[in-house]
K.L.:
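Take a look at the following structure, please.
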Amino acid sequence: MRRTFSVFIHARVDFSKALLMGFIAAASLLTVSCARTGTREVGSSPNSNTANSNAANSNTANSSSSFDSGKYKELLEKGAEIEKLSLPVKLDPKAVIKGKVFVVESMPARARNADYDQSISDYRKAGSLEELETVIRINCSKGKFLGDYSRDVSGSKVTTKAYGVNCQVSLIDYPASAVVAQKSFSNNEGGEALIERSVVGEHVNPPPVGEIISYINSFQVDKVLPAMSRPDEKELVRVPTTLALKPDAAIRGKIKIVQKLEKGDLGSNLFSFIEGSDNYGFPYERIANNVGELETVARIVCVKGSPIGRVEKSAQYSSRCEVSLIDYKTLSVVAQKTIENKTLDESPAAKSSYIKNWVVGPPKQEIESYLKSFPSA
């Protein structure tokens, strides 16, 4: 079947990574290579050598510890090796991010503006193999054939073969050399979803970056890292809690408000994110600036809800938010409420002809009213 359209090439040029790799390469020429001992390697014996030195295929991450270019180069090389390893799958329904984490991407997983570790705290990012405990691996490959598309260019017919993309996201326990959580994703949108820029020959759809990041953001951490000195929203939104609802729940001491939000274009890199810049009307003097003074965390987790209708070509979904008041000293949820926004979004962004699926924003006023209903203690 032939259709007429234009296609974007999704290319990812990460200048910061290029600079970093250049720095590492230069540093390695000035240092003497030495044998490293005591490092546990995934899928290999302690004496085996690194099988793949293509470090460019591993996602860059910053560690809160002091940077060592040699150790980081080793981590990058190991990441490139892990990308291709076949590991045993031992799924754990309670899988969490343990310790320091590193994100590994296959080349097809990369898309324009794809930043899969954007919502992982810098405190949580590994800078060496010695401290690595969790690997998030994103492997994508060419999917099913979507069709031959053609267009006229200066009187000549140009044809493009279009394919979908399949992705598998794995949470890997590095010391155990096992996959503990895994989910598959695909993007098989055709037609107008491909119309962005003309290409000739072959087009492979970009990965569903927003959905993948949302999955990554769904994982809690095993515990708060002792290195965290400031109330980091990317860490606090993931902390494990217990439910201990109290009828006399109150906001004690200073507060930090953290949010995991899903809103806007489901296919966008910015669809799922974690932030803590909104104080929901609380005065500055009530906001904690260091962990020592933090007593209450207000955690707002908003996810894609139910279908609520269409706006032009966009299918829209509600924003379903779980608001939790957490006693930070005990990590217990003392109050909790689900609030949902089912109002269609009529903004110009939501009406774009390129938008297929749109999640409306959170019910901010209702959330603010709920938080301000608690007394101070």
Side-chain angles (χ1 to χ4, degrees), residues 10-14 16-18 20-21 24-25 28 36 39-46 48-63 71-91 95 97-118 120 124-143 163 165-187 204-209 211-213 215-216 219 269:
H10 289 268
R12 184 172 186 234
V13 180
D14 195 329
S16 62
K17 289 184 184 178
L20 176 60
M21 292 308 301
I24 290 174
S28 65
R36 295 182 175 86
T39 300
R40 174 84 159 79
E41 297 200 358
V42 172
S44 61
S45 65
S48 65
N49 295 323
T50 301
N52 191 329
S53 62
N54 185 14
N57 284 347
S58 294
N59 199 24
T60 305
N62 297 319
S63 173
K71 289 186 176 182
Y72 193 70
K73 179 175 182 290
E74 184 181 41
L75 177 63
L76 289 170
E77 291 173 345
K78 177 55 66 175
E81 180 182 329
I82 293 172
E83 176 198 322
K84 298 172 176 61
L85 284 180
S86 177
L87 297 172
V89 178
K90 301 178 180 178
L91 299 183
I97 293 174
K98 296 180 180 179
K100 295 295 185 75
V101 65
F102 191 65
V103 177
V104 175
E105 308 163 17
S106 66
M107 189 59 69
R110 300 186 174 191
R112 184 184 56 189
N113 298 323
D115 188 2
Y116 295 107
D117 68 349
Q118 64 181 354
I120 297 175
R124 187 64 60 173
K125 295 176 182 178
S128 69
L129 278 175
E130 288 84 355
E131 63 184 8
L132 179 63
E133 291 189 56
T134 299
V135 176
I136 297 173
R137 184 174 67 185
I138 305 155
N139 275 343
C140 296
S141 59
K142 183 169 71 174
Y163 296 84
V165 66
N166 296 324
C167 300
Q168 186 179 70
V169 182
S170 305
L171 189 73
I172 299 171
D173 184 327
Y174 180 73
S177 303
V179 174
V180 294
Q182 196 169 72
K183 188 173 182 179
S184 296
F185 299 85
S186 63
N187 178 7
V204 178
N205 273 354
V209 178
E211 293 180 70
I212 292 174
I213 292 177
Y215 178 61
I216 293 171
F219 289 105
N269 182 50

K.L.:
About how many Å separate NZ of Lys183 and OG of Ser170, when rounded to the nearest 0.5 Å?
P.N.:
13.0 Å

K.L.:
Considering non-hydrogen atoms only, spot the tightest contact between Lys98 and Arg124 and give its length.
P.N.:
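Residues Lys98 and Arg124, closest heavy atoms: C-NH1, 4.1 Å.
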
K.L.:
To the nearest 0.5 Å, how far apart are OH in Tyr163 and NZ in Lys142?
P.N.:
4.5 Å

K.L.:
Using a strict 4.0 Å threshold on nitrogen-to-oxygen distance, state whether Lys78 and Glu81 make a salt bridge.
P.N.:
yes

K.L.:
Which atom pair, heavy atoms only, marks the closest approach of Ile82 to Arg137?
P.N.:
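Here Ile82 and Arg137 meet closest at O-NH1, 2.9 Å.
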
K.L.:
Kindly compute the distance separating CG (Leu76) from CD (Glu74), expressed to the nearest 0.5 Å.
P.N.:
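Rounded to the nearest 0.5 Å, the CG-CD separation comes out at 10.5 Å.
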
K.L.:
What distance do Ile136 atom CD1 and Phe219 atom CZ have between them, rounded to the nearest 0.5 Å?
P.N.:
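Interatomic distance, Ile136 CD1 to Phe219 CZ, rounded to 0.5 Å: 7.5 Å.
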
K.L.:
Taking the basic N atoms (NZ, or NE/NH1/NH2) and the acidic carboxylate oxygens, is any pair closer than 4.0 Å for Arg110 and Glu105?
P.N.:
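Salt bridge flag = yes for Glu105 with Arg110.
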
K.L.:
Show the numbers, then the answer: is there a side-chain contact (heavy atoms from CB on, under 4.5 Å) between Ile172 and Leu85?
P.N.:
CA-CA 11 Å; Ile172 299 171; Leu85 284 180; over 6 Å; no

K.L.:
Is the side chain of Asn139 donor-acceptor paired with the backbone N or O of Gln168 at a distance under 3.5 Å, no angle test?
P.N.:
no

K.L.:
So, using side-chain contact (heavy atoms from CB on, under 4.5 Å) as the criterion, who are the partners of Ser186 when residues are at least two apart?
P.N.:
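side-chain contact (heavy atoms from CB on, under 4.5 Å) list for Ser186, sorted by chain: Asn166, Asn188.
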
K.L.:
Once you round to the nearest 0.5 Å, how far does CG of Leu75 lie from CD of Glu131?
P.N.:
8.0 Å

K.L.:
Looking at every heavy atom in both Thr134 and Tyr174, which two are closest together, and how far apart are they?
P.N.:
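For Thr134 versus Tyr174, the nearest heavy atoms are N-CB, 4.4 Å.
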
K.L.:
Using 0.5 Å steps for rounding, measure from the CD1 atom of Ile97 to the CD1 atom of Ile120.
P.N.:
5.0 Å

K.L.:
Determine whether Cys167 and Pro208 make a side-chain contact, defined as any pair of heavy atoms from C-beta on separated by less than 4.5 Å.
P.N.:
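Result yes, sub-4.5 Å side-chain heavy-atom pair found.
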
K.L.:
Indicate yes or no: at least one non-hydrogen side-chain atom of Leu171 is less than 4.5 angstrom from one of Val179.
P.N.:
no

K.L.:
Between Pro207 and Ile212, which heavy-atom pair has the shortest distance, and what is it?
P.N.:
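That would be CB-CD1, 4.3 Å.
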
K.L.:
For residues Leu132 and Ala126, report the shortest heavy-atom separation together with the two atoms involved.
P.N.:
CD1-CB, 4.0 Å

K.L.:
Against Val103, only a single residue in Asp117, Val135, Ile216 fulfils side chain to side chain contact (heavy atoms under 4.5 Å, CB included); can you say which?
P.N.:
Asp117

K.L.:
Any idea which heavy atoms bring Glu211 and Phe185 closest together, and the distance?
P.N.:
O-CE2, 3.7 Å

